[in-house]
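Step one of this worksheet: look at the structure below.
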Amino acid sequence: MKQRIFRPAQAAAVAVAGMLLAGTAGVAVAAPSQESSGTASGVTAAAQASRWYADGWYRDHHSCRKAGEDGKQHHKWRDYKCQREYRHSWHGYYWHLYYRR
């Protein structure tokens, strides 16, 4: 009989599959029930108010801040921030506008 060789790639695939299955089971057990939350969606009002939403990408910091101030003046949001983030390999770094309602 020919013995099968257990290759490292196969061992890694089995290990990753085991971790994924164990991770999803742990999350399902630790998740709170929907009935116990105060709102229908399960998100509290304080968490909803502090959530940051992404709006748009800007080439420079000045343009991002101008768009943030315009949205604030037109009562689209109450607070904003501009963060420099890597968009794609062919775009490089851009400024991303985030806002809070």
Side-chain angles (χ1 to χ4, degrees):
M1 276 186 135
K2 193 175 193 181
Q3 288 185 348
R4 293 189 70 175
I5 299 173
F6 200 62
R7 294 186 173 92
Q10 292 171 334
V14 170
V16 169
M19 286 188 280
L20 287 175
L21 289 174
T24 57
V27 171
V29 172
S33 67
Q34 289 291 335
E35 292 81 31
S36 66
S37 64
T39 61
S41 66
V43 178
T44 63
Q48 185 81 19
S50 67
R51 182 172 176 206
W52 289 95
Y53 300 93
D55 184 57
W57 295 92
Y58 297 92
R59 191 69 182 143
D60 56 8
H61 189 246
H62 177 74
S63 300
C64 184
R65 295 205 36 131
K66 185 176 184 314
E69 283 296 325
D70 287 346
K72 200 172 179 181
Q73 287 178 356
H74 290 107
H75 304 288
K76 292 182 179 178
W77 48 75
R78 64 180 173 89
D79 196 11
Y80 72 93
K81 65 181 176 180
C82 294
Q83 289 185 342
R84 188 171 185 246
E85 296 177 0
Y86 190 75
R87 188 167 181 189
H88 296 292
S89 61
W90 58 87
H91 289 294
Y93 284 92
Y94 273 65
W95 291 90
H96 205 176
L97 175 66
Y98 293 93
Y99 65 90
R100 270 196 287 209
R101 294 184 182 168

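Keep in mind that this is a model prediction, so the values were computed, not measured.
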For residues 55-64, run the donor-acceptor check on the side chains, cut-off 3.5 Å, and write out each pair with its distance to 0.1 Å, sequence neighbours left out.
residue, atom, partner, partner atom, Å
D60, OD1, S63, N, 3.1
D60, OD1, S63, OG, 2.5

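- Remark: R101 CZ to R78 CZ distance equals 11.5 Å, nearest 0.5 Å.
- Atoms OH and CD, on Y94 and E85 in that order, are 13.5 Å from each other to the nearest 0.5 Å.
- The environment of K81 atom NZ is dense: over 12 non-hydrogen atoms of other residues, nucleotides or ligands sit within 6.0 angstrom.
- Annotation for H74: atom NE2 does not count as buried by contact number, only 12 or fewer foreign heavy atoms lying within 6.0 Å.
- Taken from NE2 in H96 to CZ in R87, the straight-line distance is 8.0 Å, to the nearest 0.5 Å.
- For L97 against G68, the heavy-atom pair with the smallest separation is CD1-CA, 4.0 Å.
- To the nearest 0.5 Å, atom OH of residue Y98 and atom CG of residue D79 are 14.5 Å apart.
- To the nearest 0.5 Å, the span separating CZ on R100 from CH2 on W52 amounts to 4.0 Å.
- Within the 4.5 Å cutoff, side-chain heavy atoms of E69 are placed close to those of Y80.
- Between Y86 and Y93, the ring-plane angle classifies as perpendicular under the 30° and 60° cut-offs.
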